[in-house]
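Shown next, in C-alpha cells, is the structure this report addresses.
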Amino acid sequence: MYLLCDEKRVYVSTNYRVEAYDKPTLVNSEEKHLLWKSEKLKENLNKLVNAKEYIYGIGKNLLVRVGKTDESTEELVFNEDLVDIFCTYSDLYLLSKTSLFRMPIDKFTHAEIKRLSVSDLMEKPFSCFCASDEYIYLASKSYLYKIGRNGEKKAEKALTDVRILLISEEGPIAIKGNGNVLNMDEGIQVVSSGEFDGEPIKAEYNVYHTFLLTSTGLHVFGTAGNRIAHISDSKYISFAEGLNHLYLYKEDGLHVASKMDILGDNYQNVDLTTVSAILWASLMLFEKEKGAKVSVKERHGFLDMRVDETAINMEKLVFKLSKYFPDVFVLFSNIGYYESLLEFATRFELIKREDDNLILNEDMLNHLVKKHSAFETFRKDIVSLVSSCLL
C-alpha cells in the first residue's frame, strides 16, 4: 500500500494496481471519485514517485510506468530486488540492495538503464536514498554517502540503521530505526534532530515540515527538529502530503485532513499561483539586470528555457530559488506539481504566447515584484542564482 498525490489526483497503489482519484472532489466533498485504475501488475508496488506525465513505481524486482491521463501501463523486470526510487526532471534513479542505477526519464527501456560504477565503492546492502539538484545521498547498513549526480563519491559518514532518506532545501533528512529524525546540511553534518516512537512506515518533506507515519500514528516535525504535531492512531496504513491537505489511508479507505487543523499556528498556506509567479518573476529580474532575453518553449512536456542559445537548468533553478522562497520547493520535491506551473502562469497571465514562444508578462510580474519584499531584498542574489543555472 502506497499513496502519492499531485495537484489534480491522489494515487493509491493497492491490490496489484494503481488507482487515481480526483483530488478536488476529495477535498471539497470527501467523495472518492475514481478516475482510472491500471491493469493488474505482476507485483504489488511498495513505492511511487511522480514525474510530469507518468507515475513510476517499484515492486520487489519490478519497475512500472503508468500514464497519468490514460492509465497506460509498462513494466520492466529486474534481476535484483529494488529498495528505493527517486525521480528528477531528467532522470529516474533506482536503488537495489547492491547497485545504483540511472535511466533517462523519457526512455523507458532496459537498454537505457545504466549501473553507476560508484556502487562498487560503498558498503552493502543499500537501504534508501534521495537526491538534491547536485548530489545523491545514499544509506547502507552503517554509512551515509554523498555522491555526485554523475556517480562520483564525495563524502561518507558513519550512520547506522537509516530507514528513510528525504531531501530538503538544506540537505538530507535521515529517519532512523531507533526513533531519531536527523536534519542535515549538504555536507551531511547534523544541524538538528527530533524523536518519535514506533516503527517508521513512510515519510515526506515539503516546505517547512517533515511528516512521518509510524506504527503509532502520524508525527510532524519542524525544521528545527522539534515535533510540532502528532496524531496518535495505529490504524493508518499510508499517507500522501499535499500542499494544504494530507491524504490518509485506513482499513476503511481514503480520507482527507486539513493541514490547518493538524498544524494550528504552525500552518502556512502554499499556493501554486504564487509559486508559479515567483519563478517567472525571478526570470524577469534576470532579464532586466542582465539585458538578456529569456526565451521559453515547451519541449517533451517540460519548459525549455534559454538565454540566447544557452539553456537554463530548470531543476537547479527551482532548487536554488527555494533557499529564498521555500514554497518553490514543491516543484522539486514532487514533480507532479510541475504540470500545473504553465497552467497557472497562463490562467493568471504571468506569461503570454507569441507563436511557439512564451513571453514574460512584465506588467503582471512587476506588480508581484513590488508586492513581495524578498525580490528587492535579494535582487542581486536572485540574478546571480539564475546566472549560475546556465548550462
Side-chain angles (χ1 to χ4, degrees), residues 7 89 132-134 167-171 185-186 191 205-209 222-224 243-244 259 263 265-296 303-308 310-334 337-338 340-354 357-391:
E7 175 62 13
Y89 281 34
S132 70
D133 63 324
E134 295 183 30
I167 193 66
S168 77
E169 61 269 31
E170 301 300 330
D185 59 20
E186 288 187 349
V191 295
Y205 172 84
N206 206 352
V207 190
Y208 314 111
H209 303 114
T223 53
L243 298 183
N244 300 297
K259 281 190 182 179
L263 299 177
D265 293 340
N266 292 295
Y267 169 73
Q268 298 189 52
N269 181 72
V270 178
D271 176 58
L272 273 182
T273 306
T274 302
V275 169
S276 178
I278 288 170
L279 177 66
W280 298 110
S282 299
L283 293 171
M284 186 197 70
L285 278 184
F286 175 82
E287 278 193 342
K288 287 191 169 185
E289 293 292 325
K290 294 294 186 178
K293 191 69 176 176
V294 176
S295 62
V296 185
L303 297 175
D304 180 28
M305 298 183 178
R306 296 179 179 269
V307 177
D308 296 325
T310 304
I312 298 175
N313 185 326
M314 182 69 172
E315 184 177 55
K316 188 175 182 180
L317 176 63
V318 165
F319 191 87
K320 290 186 176 296
L321 270 179
S322 66
K323 303 276 188 178
Y324 301 94
F325 306 96
D327 292 8
V328 174
F329 192 72
V330 303
L331 297 177
F332 185 89
S333 61
N334 188 334
Y337 288 111
Y338 186 99
S340 299
L341 180 63
L342 183 58
E343 178 183 326
F344 277 85
T346 304
R347 184 190 307 173
F348 295 97
E349 298 183 342
L350 303 175
I351 56 176
K352 299 179 290 186
R353 289 187 180 273
E354 291 186 5
N357 296 315
L358 302 170
I359 309 298
L360 304 182
N361 187 340
E362 290 192 15
D363 291 338
M364 291 293 292
L365 293 172
N366 269 324
H367 177 71
L368 172 72
V369 168
K370 293 176 182 177
K371 186 177 179 181
H372 206 310
S373 61
F375 278 108
E376 189 57 41
T377 304
F378 300 115
R379 176 182 288 264
K380 290 184 179 180
D381 294 311
I382 293 169
V383 173
S384 176
L385 180 158
V386 176
S387 297
S388 72
C389 296
L390 298 178
L391 296 174

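Keep in mind that what you see is a predicted model, and the values were worked out from it rather than measured.
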Exercise. Decide if the gap between the ring center of F375 and the ring center of F325 is smaller than 6.0 angstrom.
Key: yes
Quiz item: Just how far is it from atom NZ of K320 to atom CD1 of I382, taken to the nearest 0.5 Å?
Solution: 13.5 Å
Quiz item: Looking only at heavy atoms, which two atoms of F286 and S387 are closest? And how far apart?
Solution: CE1-OG, 3.2 Å
Quiz item: Closest approach of N206 and S333, non-hydrogen atoms and distance?
Solution: OD1-OG, 3.2 Å
Quiz item: Ignoring hydrogens and geometry, is there a side-chain-to-backbone donor-acceptor pair from T377 to S373 under 3.5 Å?
Solution: yes
Quiz item: Can any side-chain N or O of S276 pair as donor or acceptor with the backbone N or O of T273 at less than 3.5 Å?
Solution: no
Exercise. Please check if the side chain of K259 supplies one atom and the backbone of L243 the other of a donor-acceptor pair under 3.5 Å.
Key: yes
Practice problem: Using modelled atom types only, decide if a donor and an acceptor are shared between the side chain of T274 and the backbone of V270 within a distance under 3.5 Å. | Solution: no
Quiz prompt | Contact summary for Y337 and L272, nearest pair of heavy atoms | solution = CD2-CD1, 3.9 Å
Self-check item: D265, CG atom: more than 12 neighbouring heavy atoms under 6.0 Å
Solution: no
Practice problem: Measure the NE2-CG distance between H209 and N266 for me, rounded to the nearest 0.5 Å. | Solution: 5.0 Å
Quiz item: If you draw a 6.0 Å radius around NZ in K290, do more than 12 non-hydrogen atoms from other residues or ligands fall strictly inside?
Solution: no
Self-check item: Atom of I167, atom of F329 and distance for their closest heavy-atom approach
Solution: O-CZ, 3.4 Å
Quiz prompt | E343 CD: over 12 foreign heavy atoms closer than 6.0 Å | solution = yes
Self-check item: Pairwise distance CG(L390) to CE(M305) - rounded to 0.5 angstrom
Solution: 12.0 Å
Quiz item: Counting N and O atoms only, with roles assigned by atom type, does the side chain of S282 sit under 3.5 Å from a partner on the main chain of I278, one being a donor and the other an acceptor?
Solution: yes
Quiz item: About how many Å separate CD of E349 and CG of D363, when rounded to the nearest 0.5 Å?
Solution: 10.5 Å
Practice problem: Would you kindly say whether Y324 and E169 are connected by a side-chain donor-acceptor distance under 3.5 Å? | Solution: no
Self-check item: Spacing of CG belonging to L391 relative to CD1 belonging to I312, to within rounding of 0.5 Å
Solution: 9.0 Å
Quiz item: What pair of heavy atoms forms the shortest contact from E315 to Y89, and how long is it?
Solution: OE2-N, 2.9 Å
Practice problem: I would like to know whether E134 and K316 meet side-chain contact (heavy atoms from CB on, under 4.5 Å); could you show each step before the answer? | Solution: CA-CA 8 Å; E134 295 183 30; K316 188 175 182 180; 4.0 Å; yes
Self-check item: Side-chain heavy atoms of L283 within contact of L365, under 4.5 Å
Solution: no
Practice problem: Enter the distance from N361:CG to H367:NE2 here, rounded to the nearest 0.5 Å. | Solution: 12.0 Å
Practice problem: Determine, stepwise, if the pair L279 / L317 fulfils side-chain contact (heavy atoms from CB on, under 4.5 Å). | Solution: CA-CA 9 Å; L279 177 66; L317 176 63; 3.6 Å; yes
Self-check item: Side-chain (Y208) to main-chain (P326) donor-acceptor, under 3.5 angstrom
Solution: no
